[in-house]
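For reference, the structure discussed in these notes is given below.
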Number of protein chains: 2
Amino acid sequence: MSRENATSIDVARRAGVSQSAVSRVFTPGASASRQTVEKVRKAANELGYRPNSLARAMVSGKSRIIGLVVAYLQNQFYPEALEKLSNELQERGYHVLVFLAARTVGNVDDVLDEILDYQVDGIIAASVALSSDLSNRCRIAGVPTVMFNRSQDDLAISAVTSDNYAGGRKVAEFLIAGGHERIAFMAGWEGASTQRDREAGFRDGLQDAGVPLFARGVGNFEFDQARNATRQMFSGDRDTWPEALFVANDHMAFAVMDTLRAELGLNIPDDVSIVGYDDVPAAAWPSYDLTTVRQRTNQMIRATVDILLSEIENEGAAPCQVRIDGPLVLRGSALTAKGK
Amino acid sequence: MSRENATSIDVARRAGVSQSAVSRVFTPGASASRQTVEKVRKAANELGYRPNSLARAMVSGKSRIIGLVVAYLQNQFYPEALEKLSNELQERGYHVLVFLAARTVGNVDDVLDEILDYQVDGIIAASVALSSDLSNRCRIAGVPTVMFNRSQDDLAISAVTSDNYAGGRKVAEFLIAGGHERIAFMAGWEGASTQRDREAGFRDGLQDAGVPLFARGVGNFEFDQARNATRQMFSGDRDTWPEALFVANDHMAFAVMDTLRAELGLNIPDDVSIVGYDDVPAAAWPSYDLTTVRQRTNQMIRATVDILLSEIENEGAAPCQVRIDGPLVLRGSALTAKGK
DNA sequence: ATGAAAGCGCTAACAA
DNA sequence: TTGTTAGCGCTTTCAT
């Protein structure tokens, strides 16, 4: 019983007007007399007519589709961002075509081609590093692109991040103020700008206070790898263990805390202070109660969408780099100056 | 410097062949001589030509886009499913246009219209209940639809779920075998078939053993609501508290456990046994170590995609309902028969 | 195997 | 304000 869709021609015939009149009635900025509008609307309703977005896209050159490249959704930060991005864009009349990319270089390349094939109006690369080669391709294709939660040296591509450097610095200052001496760092994936900037800020903060970095592990932003790195970091004599640890994101911080408590019987924060980065929902759950640097997701999303749409809608818009500062949220996983 | 895309006409001119020859070279099932193929491929590469998916979709009537409606991504189960769905479809040459729907009826309605406007080849409704009215609309529009992790009475729409009823039953039997007497249930959103079926199986399981349901709360699948419902359930005298609790999904189970431990100082499982449903990644994290019913996500995704694509590719394919059984995964959050 | 020609459903000049 | 006309870039008959 699958009846075919009605076209604007069917509606025109039924309403006794021209096909272009129908088009005008369904085109926001167009002009049509009250009479025509009524006749057309009526006929359209009777036939269940709705304009075909694809045909519209072809002729207008605007698909109202945004390609979203995203790498992996394990980290709670991304589903949240995806949800908000999609909502924000939906409200503005755009839709999101999702492309999942493995964290390998070649893959992002293929995916980018597929995206461009769909004539997307813009691209958001969330947590994916774009090589300068790729960003060139986007520019050549004339497709505005914004990187979300990643940045790069090429200033020709817009990027929105939190102020990762400042965040890392805040953590260093906080831990030092808390009276800690053996302070360590657990790194994420080294290819990520977030990782690099957080670590740079953290290290500079320590250095300014004359405190050396006591230990360093690498968890690659993965839960299991963070567990292993933790085991390694806490494997020797007890006096080789750090007493405070900045973990490059919350997702890994949960792994660290679980490992420390379940396997070594340590108390957090009495034996070890832990600080994360992101402030994902679970950071506020009582089991973790994690002190962490908040990413202001709403503001970051808003900025991303604003920039992208302005680049789409006015040709001339210059690319820009936005860094949004976020506060250190104090919870129970790290000793404070007073607490000590 | 944004050079426009090359079209098949440009390639044809450069290769010295007709435009349709170019089309054939880029159309899987078409025929062209070795020579033509070579000439065309060469010219295409030089011009950076790739076929325009939208134009292709218009004329062929196949967009190779699947509309994915999804409600909310807080629950870890959905990002995981989304990731796998998207990957599976990408491998099969389809792409996912995501539509976020609030859990309100009207909204799903609007969203469905927008989806159909994009001439999607199929729809996956993940964790969204489709009214029979809506499913009718899909049928009329001739767009195959599969519900993922939800089912409904209308057998004309395909649905893939885990065997929620059987799962609920397993939990009842397990808790009874564990020697518990005061057994309670924490419900999810009552509009969800998953909630209903899990509860029905659970209740039938209790009843068959002659054990009454000791208490019931409602958490609506939300973390905070589950916390409140927990406080309420554990508010009176200690002998009015349940000693075992089946929570309708893992996401709420975490809230329950956190509340019980942090606010009431209870020990899990010694004071209360907790069982969840889904087996999301965090269920295996040491902080929760949650006994739970596993949803076999991979199998569910596979089935969903298989069914959808077969309905798309062979007109005749009859809708079907698939229920995939999942095991009860024993961890440390509930006493076992031996443990007691 | 190949080219010419007819659209897919729509928007956007252009006249009237 | 309205209708007429010309495409958007492609696939797909239909001849050759």
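Convention: sequence-line order gives letters A, B, ...; per-chain numbering from 1.
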*Atom-to-atom span, CG of B:Leu54 to C1' of C:dT11 - whole angstrom*: 14 Å
*Should A:Glu80 and A:Lys84 count as an ion pair when the cut-off is N to O under 4.0 Å?*
yes
*Return the value, rounded to whole Å, for the distance between atom CZ of B:Arg56 and atom C1' of D:dT12.*
13 Å
*For the side chain of A:Ala55, starting at C-beta, report the closest nucleotide among D:dG9, C:dC10, C:dT2.*
C:dC10
_Atom pair distance, as rounded to whole Å: CG in A:Asn52 and C1' in C:dG7_ = 14 Å
*Please report, rounded to the nearest Å, how far the C1' atom of D:dG9 is from the CD atom of A:Gln119.*
9 Å
*Would you say D:dC10 has OP1 or OP2 under 4.0 Å from some side-chain N or O of B:Tyr49?*
yes
*Determine whether the side chains of A:Gln90 and A:His95 contain a donor N or O and an acceptor N or O closer than 3.5 Å.*
no
*Does some side-chain heavy atom of A:Ile123 sit less than 4.5 Å from a side-chain heavy atom of A:Val146?*
no
*Step by step, would you call A:Met300 with A:Ser162 a side chain to side chain contact (heavy atoms under 4.5 Å, CB included)?*
CA-CA 7 Å; A:Met300 288 171 65; A:Ser162 70; 4.2 Å; yes
*Donor + acceptor pair across side chains of B:Ser193, B:Gln152 (<3.5 Å)*: no
*Rounded to the nearest Å, what distance is computed from the CD atom of residue B:Gln19 to the C1' atom of nucleotide C:dG3?*
10 Å
*Looking at D:dT4, D:dC10, D:dG9, which one has an atom nearest to any side-chain atom of B:Met58?*
D:dG9
*Below 4.0 angstrom from OP1 or OP2 of C:dC10, is there any side-chain N or O of A:Ser8?*
yes
*Whole-Å distance between C:dA1 C1' and B:Glu38 CD?*
15 Å
*Is any side-chain N or O of A:Thr7 closer than 4.0 Å to OP1 or OP2 of C:dG9?*
no
*asked:* Let me spell it out: for each of B:Thr36 and B:Val59, pick the nucleotide of DNA chain C with the closest heavy atom. Which residue's pick is nearer the 5' end?
replied: B:Thr36
*Taking the six-membered ring of B:Tyr49, is NZ or CZ of B:Arg41 closer than 6.0 Å to its centre and within 45° of its axis?*
no
*Going by atom types only, do B:Ser23 and B:Ser20 share a side-chain donor-acceptor pair under 3.5 Å?*
no
*In whole angstrom, give the distance that lies between atom CZ of B:Arg50 and atom P of D:dC10.*
12 Å
_Using whole Å, what does the distance between atom P of nucleotide D:dC10 and atom CD1 of B:Ile9 come to?_
8 Å
_Check ion pair B:Asp306-B:Arg92 (N to O, under 4.0 angstrom)_ = yes
*Touch check for B:Ser33, heavy atoms < 4.0 angstrom, all strands: base, sugar-phosphate only, or nothing?*
sugar-phosphate
*Does B:Lys42 pair with B:Glu46 as a salt bridge, N-O distance under 4.0 Å?*
yes
*Check whether any side-chain nitrogen or oxygen of A:Ser20 sits under 4.0 Å from OP1 or OP2 of C:dT11, and answer yes or no.*
no
*If we ignore angles and hydrogens, is there a donor and acceptor under 3.5 Å between the side chains of A:Asn149 and A:Tyr78?*
yes
*asked:* What residues from residues 22-30 of chain A pass a heavy-atom cutoff of under 4.0 Å to DNA chain C?
replied: A:Ser23, A:Arg24, A:Thr27
*Would you mind telling me which residue lines up with the more 5' stretch of DNA chain D, A:Val37 or B:Ser60, judged by nearest nucleotide?*
A:Val37
*Describe, as an angle rounded to 10 degrees, how the axis at the first end of the helix from C:dA1-D:dT16 to C:dA16-D:dT1 is tilted relative to the axis at the last end, five pairs per end.*
40°
